[in-house]
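In what follows, a single structure is set out as structure tokens and then discussed.
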Amino acid sequence: LRKKNLTPAVFEQVKDRKTSSGVTLKACINSGLVNTDSGVGVYAGDEETYKVFEPLFGPLIEDYHKGFKITDKHPSDMDESHLTAPNPDPEGKYILSTRIRVARNLRGYPLQPTNTLDGLKAIEKKVTESLATFEGELKGTYYPLQGMDEATAQKLIDDHFLFKKGDRFLEAAGINQAWPEGRGIFHDDAKTFLVWVNEEDQLRIISMQNGGDIGAVFARLCKAVNTMNKHFEFQHTENLGYLSSCPTNLGTGMRASVHIKIPNASAHADFKKICDEYHIQPRGIHGEHSETAGGVYDISNKRRLGLSEVQCVQDMFNGG
Ligand code: ADP
Ligand code: CIR
């Protein structure tokens with residue numbers, strides 16, 4: 001998307017620009033320059049990046065979040081009663097699991113590419129102190145990455161709960177600095193409510209469980225996010241919604257997915273075309289940039305900006 005949208009004219013316009021915290025064009029596009037197989041290839045270092053580099057980010061955002069115009073206002077709806085998504089597979093023949101996550105960043109801190117070790121640690125402290133007060137379904141424990149033994153971390157990754165280590169896209173964006181300090185995962189005993197701390201975004205709030213009960217997963221996420229809204233102020237603007245370091249995660253910050261067995265559909269010549277038509281994105285079984293196995297795909301909503309959270313989940317339901 002960067003290659004398509006950073007035209008010679010746009011390049012001339014933005015090549016010498018800098019945000020007040022020092023984010024340059026080179027910093028924004030380095031991940032894609034290093035990783036030529038990127039799907040997107042840009043990251044924002046701070047809130048100002050989206051304004052200062054709008055000649056690049058504006059068209060790229062409109063390109064990814066089909067139907068959204070940069071001058072539009074972004075809507076929100078986290079009322080689970082507005083969702084119509086009855087379990088499409090009550091017998092459990094196709095859907096292995098359902099997961100919905102949102103990305104969030106705290107007001108008062110830069111986005112991750114320009115964050116510092118002090119910033120990461122301050123965020124970790126603030127977030128984990130609040131999470132420690134959560135009760136009932138949201139009660140859990142924080143596990144810092146630093147000091148976690150390799151085998152425990154690898155099992156959490158293999159079981160789809162924890163982010164992976166050494167991601168080359170994040171590395172080139174400057175997001176892996178001082179790894180693993182300041183990073184960690186909070187979760188309840190059942191691992192149905194989880195919070196990633198200081199990965200690509202400061203927070204990833206996650207609800208997941210086995211099977212296809214999309215409504216239950218969304219309801220738990222609504223409860224978690226509504227509770228977190230009382231504890232934190234998140235970076236947010238009227239037209240871009242919740243801010244994130246990757247422009248694909250703007251707006252709702254939401255990726256609603258199912259792990260679903262579709263060996264025949266995925267082998268169909270028109271698989272990609274059908275996914276595009278329904279605004280869904282297929283990923284491998286171990287998440288973004290991973291391969292798949294046994295015809296099981298991670299199918300999720302592609303658009304996250306310009307439509308509400310309920311509509312994002314609806315996109316995934318309709319497409320899946
Ligand atoms: P993100 O969704 O946070 O942008 P990834 O695509 O890397 O990032 O996915 C993170 C992890 O979540 C991966 O281990 C992936 O397999 C897992 N995951 C995604 N969707 C589901 C799902 N529906 N069920 C179980 N695990 C899932
Ligand atoms: C890339 O450009 O491939 C990575 N920086 C990840 C982009 C986000 N992925 C996506 O398609 N939603």
Side-chain angles (χ1 to χ4, degrees), residues 1-5 28-44 60-61 63-66 89 94-104 112-113 153-165 167-175 185 187 191-192 194-197 199-201 203-214 217-218 221 244-261 275-276 279-293 296-305 312-313 316-317 320:
L1 287 185
R2 190 271 305 154
K3 201 168 171 181
K4 182 170 162 200
N5 291 286
C28 295
I29 66 175
N30 196 56
S31 188
L33 295 181
V34 172
N35 300 290
T36 52
D37 57 340
S38 291
V40 181
V42 302
Y43 283 95
L60 187 148
I61 287 167
D63 204 343
Y64 182 87
H65 302 279
K66 294 275 181 260
D89 180 30
Y94 307 99
I95 300 179
L96 277 57
S97 51
T98 305
R99 172 182 184 265
I100 311 180
R101 59 83 163 157
V102 293
R104 293 287 185 274
Q112 299 299 58
Q154 195 54 51
K155 174 136 178 60
L156 283 170
I157 295 168
D158 293 345
D159 292 346
H160 309 287
F161 298 119
L162 179 62
F163 45 89
K164 52 186 183 286
K165 181 182 166 185
D167 182 273
R168 62 192 161 92
F169 300 86
L170 299 186
E171 181 67 34
I175 298 180
I185 182 171
H187 63 77
K191 300 199 189 82
T192 52
L194 308 95
V195 181
W196 290 358
V197 179
E199 197 236 8
E200 180 175 297
D201 289 296
L203 298 180
R204 287 283 170 92
I205 307 164
I206 302 160
S207 168
M208 64 197 282
Q209 67 190 50
N210 287 336
D213 193 345
I214 300 164
V217 174
F218 186 56
L221 185 81
S244 53
S245 62
C246 176
T248 65
N249 286 319
L250 290 166
T252 58
M254 175 173 282
R255 193 168 85 85
S257 64
V258 283
H259 275 178
I260 183 169
K261 261 186 249 170
C275 288
D276 285 348
H279 305 292
I280 53 173
Q281 183 185 55
R283 292 188 180 185
I285 193 69
H286 290 290
E288 183 143 46
H289 308 115
S290 72
E291 295 302 321
T292 210
V296 179
Y297 275 79
D298 168 333
I299 294 289
S300 64
N301 62 295
K302 185 164 180 227
R303 311 179 290 182
R304 318 192 208 292
L305 172 62
C312 284
V313 181
M316 184 274 278
F317 176 82

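As a basis for the values below, the full set of heavy atoms in this structure was taken, side chains included, without hydrogen atoms, waters or symmetry mates. All residue numbers in this chain count up from 1 along the given sequence. Counting starts at 1 for both ligands and their atoms, in listed order.
With respect to Arg99, the side-chain contact (heavy atoms from CB on, under 4.5 Å) criterion is satisfied by exactly one of Thr192, Val258, Ile206: Ile206. Screening Phe163, Phe169, Tyr43 for a side-chain contact (heavy atoms from CB on, under 4.5 Å) with Glu200, the sole residue that qualifies is Tyr43.
Asn30 places a side-chain N or O within donor-acceptor distance of the main-chain N or O of Ala172, the cut-off being under 3.5 Å. At distances below 3.5 Å, at least one donor-acceptor pair connects side-chain atoms of Ser244 with backbone N or O atoms of Cys246.
Salt bridge present: Arg255 and Asp298 bring a charged side-chain N and a carboxylate O closer than 4.0 Å. Using a cut-off of 4.0 Å between Lys/Arg side-chain N and Asp/Glu carboxylate O, Asp37 and Arg168 are scored as salt-bridged.
The aromatic rings of His160 and His286 lie parallel to each other, their planes meeting at an angle below 30°, with 60° marking the opposite boundary.
Sorted by chain then number, the residues whose non-hydrogen atoms approach ligand 1 to under 4.0 Å are Ser97, Thr98, Arg99, Arg101, His160, Trp196, Arg204, Met208, Arg255, Ser257, Val258, His259, Arg283, Ile285, His286, Gly287, Glu288, Asp298. The residues lining ligand 2, counting any heavy atom closer than 4.0 Å, are Ser38, Gly39, Val40, Gly41, Tyr43, Tyr64, Phe169, Cys246, Thr248, Gln281, Arg283, Glu288, His289, Arg304.
In this structure, Lys261 has no salt bridge (Lys or Arg N to Asp or Glu O under 4.0 Å) partners at least two apart in sequence or on a different chain. Residues passing the salt bridge (Lys or Arg N to Asp or Glu O under 4.0 Å) test with Lys66, sequence neighbours excluded: Asp63.
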